[in-house]
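Just so it is clear: chains get the letters A, B, ... in the order the sequence lines come, proteins before strands, and each one is counted from 1. The shown structure was predicted, so the numbers you read here are calculated from the model rather than taken from an experiment.
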Protein chains: 2
Amino acid sequence: MATIKEIAERAKVSRTTVSRVINNSGYVSEEAKKRVLQVIEETGYIPSENAKSLRTKKTKVIGVILPKISTETSSRLVKGLDHVLAKEGYQILLTNTNLETEKEIEYLRLLKSRHVDGIILSATIINQPLIDEINQLNIPFVTVGQYISGLANVLFDDYQASKDMVNYIVNKGYKQIAFIGVDEKDRSVGYLRKAGYLDAMKENHLLVEDSWVQKGIFDVESGYHCMKQMMDFSKQKPSAVLAVTDRLAIGAMQYIKEAGLSIPADIAVAGMGASELSKFISPALTTLDFSMEEVGREAAGLLLEQINGEIYHEKIKMVKYRLIERSSI
Amino acid sequence: MATIKEIAERAKVSRTTVSRVINNSGYVSEEAKKRVLQVIEETGYIPSENAKSLRTKKTKVIGVILPKISTETSSRLVKGLDHVLAKEGYQILLTNTNLETEKEIEYLRLLKSRHVDGIILSATIINQPLIDEINQLNIPFVTVGQYISGLANVLFDDYQASKDMVNYIVNKGYKQIAFIGVDEKDRSVGYLRKAGYLDAMKENHLLVEDSWVQKGIFDVESGYHCMKQMMDFSKQKPSAVLAVTDRLAIGAMQYIKEAGLSIPADIAVAGMGASELSKFISPALTTLDFSMEEVGREAAGLLLEQINGEIYHEKIKMVKYRLIERSSI
DNA sequence: TATTTTTATGGAATCGATTCCATAAAGAAG
DNA sequence: CTTCTTTATGGAATCGATTCCATAAAAATA
């Protein structure tokens, strides 16, 4: 692998001049420029970004921390990020915590050690050590999906989204509305969506039976299981069920179908997230489209603003969601 | 941001000694070690990977080139890669060509300039310039999904897979079997799967009407459109159709359903790829599971072998596929 | 013609680590 | 009591770029 030194020697100029040619800066005679470009062409020389960034303190790399790498949410987010960042010449360094919270801190440090120009964090559970670590990081930073005070955030209004969906279900004439959520440690998906559901029910003067509120994890089987629990243990059977993710909703649908009931005639189902599945499952699932790709684009935009010198202070960008009416309600 | 020099000064030792402590190498007295660790703790010092790799020529970063970032195939591949690489302390630098072939070469150079320790390429269309570029790269390299001679490859037997599926359909009693493929420039998915289909039909002494062989692109709408073309223009209607991806198959199913026909009674459908959708669509789609995650794991393994000094020569790892029988046939 | 400005170029320091080599004290072996 | 290892430490070169500064020729201006 050729270095700038070799190029300089072969073109009979100094390294300084080669650097000027590469970066199109300073004064270089046409003469010298031609010779240098010639030698670069011949040798297939590619400058070391590594050496460059050691000097310039810029890497053109953005670190992305994901809770799970192989989900629709993550891949849409990354797509949106890449859409904006690639145009500006930034690369994405991916890290995957696999939902292990300690790894978030580990990766934060690792990304710092690699001198990334910025970090995007998609966390699930926010705790104090994590916040402390972020605060002493001093690198352009954007968090998505979960609110962290003092930072740039790209969020959904999970509480209102949940309320909107309940109101929609109510308007469709359902009164016994059940809920499948997740652990409330996940503030956005667990806590806020549940709070939205409960408050909306209260505002509509609808009663909620204990067994109507189930807690699952992020997969189809869990949705199935929650629905079964609900049907097995509830005194009055629900006439509709809202799940905080499409996968949970689809699991619930599976149970309902297996139980010989029809959707939405016997039990209506709503999901959240607008997964691909939701469109093709039968009946097609009514759900909320959160547009993760837009979140990615927005987050990338906020990050670039910080990188380009914007002052570093709390900033919240709310991304709109959209209710997709289909035939499960 | 503290540097090794500051740590050295504060701990009253040389940079050499600090380096020894960090890397646990050479001789360091307990005395000095304690002081250094103390200072590191106090200052929150994180060594610069950048400076380190400039000297050591290792970055612990693997470049991954994907044709599309937000697909099930890609995200499963990355999951498999990450599963193996993260354990060994490697990070993934993602690049996305968005199916623009020229970008493959661009990103190859970019990854080289960043001194990645290895590259994984998931290409769709292989052309000579690309092969030339790869050959002069001289970096540990693995290609997945498409065969490139002389390199480490992780592949499926696309030809045989296609044949197997046709034979399965034939054994189920169908004779008029149609095909929805993609551009043959994509050698694996386009050319080989089509060849497998045609050869299997011939071997079973089955005729193929021209209009039964359609060419689409990689999405649901295209599958719908191909199926419509087929139904509109074929003299004899097919009794079964094999699509080279699940999405195409699902598009075909949509058209069939809309046309008031039933699956599989009127027309049976088979896909390839075992997407999540295939499991939940109705009727559940018979398909081939190619296990992209395993491809990722295998590819990472081959790459690590090369990085750890294995000789660099052609090596082909075939990953098994599995026919998933469901109710669309 | 004298002076300033523009153009062109290279030497050397720098970024933040690793690592070779020299040096010296302490401990073991003869 | 020497001599040879082992242990401990730091100076200085190195990796491959960028960039500040000095220098000088050429061009523009006075």
Asker: What I want to check is whether the side chains of A/S53 and B/N50 have a donor and an acceptor closer together than 3.5 Å.
Answerer: yes
Asker: Within a 6.0 Å radius of atom NZ on B/K317, are there more than 12 heavy atoms belonging to other residues, nucleotides or ligands?
Answerer: no
Asker: Return the polar atom pairs (N/O with N/O) between nucleotides 4-7 of chain D and the protein under 3.5 Å, or none.
Answerer:
residue, atom, partner, partner atom, Å
D/dT7, OP2, B/Y27, OH, 2.7

Asker: Which nucleotide in the set D/dT19, C/dA17, D/dG10 lies at the smallest distance from any side-chain heavy atom of B/K52?
Answerer: C/dA17
Asker: Counting only side-chain nitrogens and oxygens, does A/N23 get under 4.0 Å of the OP1 or OP2 atom of D/dT18?
Answerer: yes
Asker: Let me know the distance between CZ of A/R15 and P of D/dC21, rounded to the nearest Å.
Answerer: 18 Å
Asker: Does any donor atom in the side chain of A/Q136 or A/D132 lie under 3.5 Å from an acceptor atom in the other side chain?
Answerer: no
Asker: So if I take every side-chain heavy atom of A/K57 and compare against C/dT19, C/dC15, C/dG10, which nucleotide ends up nearest?
Answerer: C/dC15
Asker: Could you tell me whether the side chain of B/N23 and the main chain of B/S25 form a donor-acceptor pair under 3.5 Å?
Answerer: no
Asker: Let me check the geometry of the helix from C/dT1-D/dA30 to C/dG30-D/dC1. What is the bend angle between the axes at its two ends, five pairs each, to 10°?
Answerer: 40°
Asker: Looking just at side-chain N and O atoms, do B/S19 and B/T16 make a donor-acceptor pair shorter than 3.5 Å?
Answerer: no
Asker: Tell me whether the side-chain N/O atoms of B/S14 come closer than 4.0 Å to OP1 or OP2 in D/dG10.
Answerer: yes
Asker: Quick one: side chains of residues 62-70 of chain A, donor-acceptor pairs under 3.5 Å with protein atoms, not counting sequence neighbours, listed by atom name and distance.
Answerer:
residue, atom, partner, partner atom, Å
A/K68, NZ, A/N98, OD1, 3.4

Asker: Is B/S19 close enough to C/dT18 that one of its side-chain N or O atoms is under 4.0 Å from OP1 or OP2 there?
Answerer: yes
Asker: With a 3.5 Å cut-off and heavy atoms only, can you find an N or O donor on one side and an acceptor on the other between the side chain of A/R20 and the base of C/dG10?
Answerer: yes
Asker: Hey, which of these two, A/T3 or B/E31, hits DNA chain D nearer its 5' end, going by closest nucleotide?
Answerer: B/E31
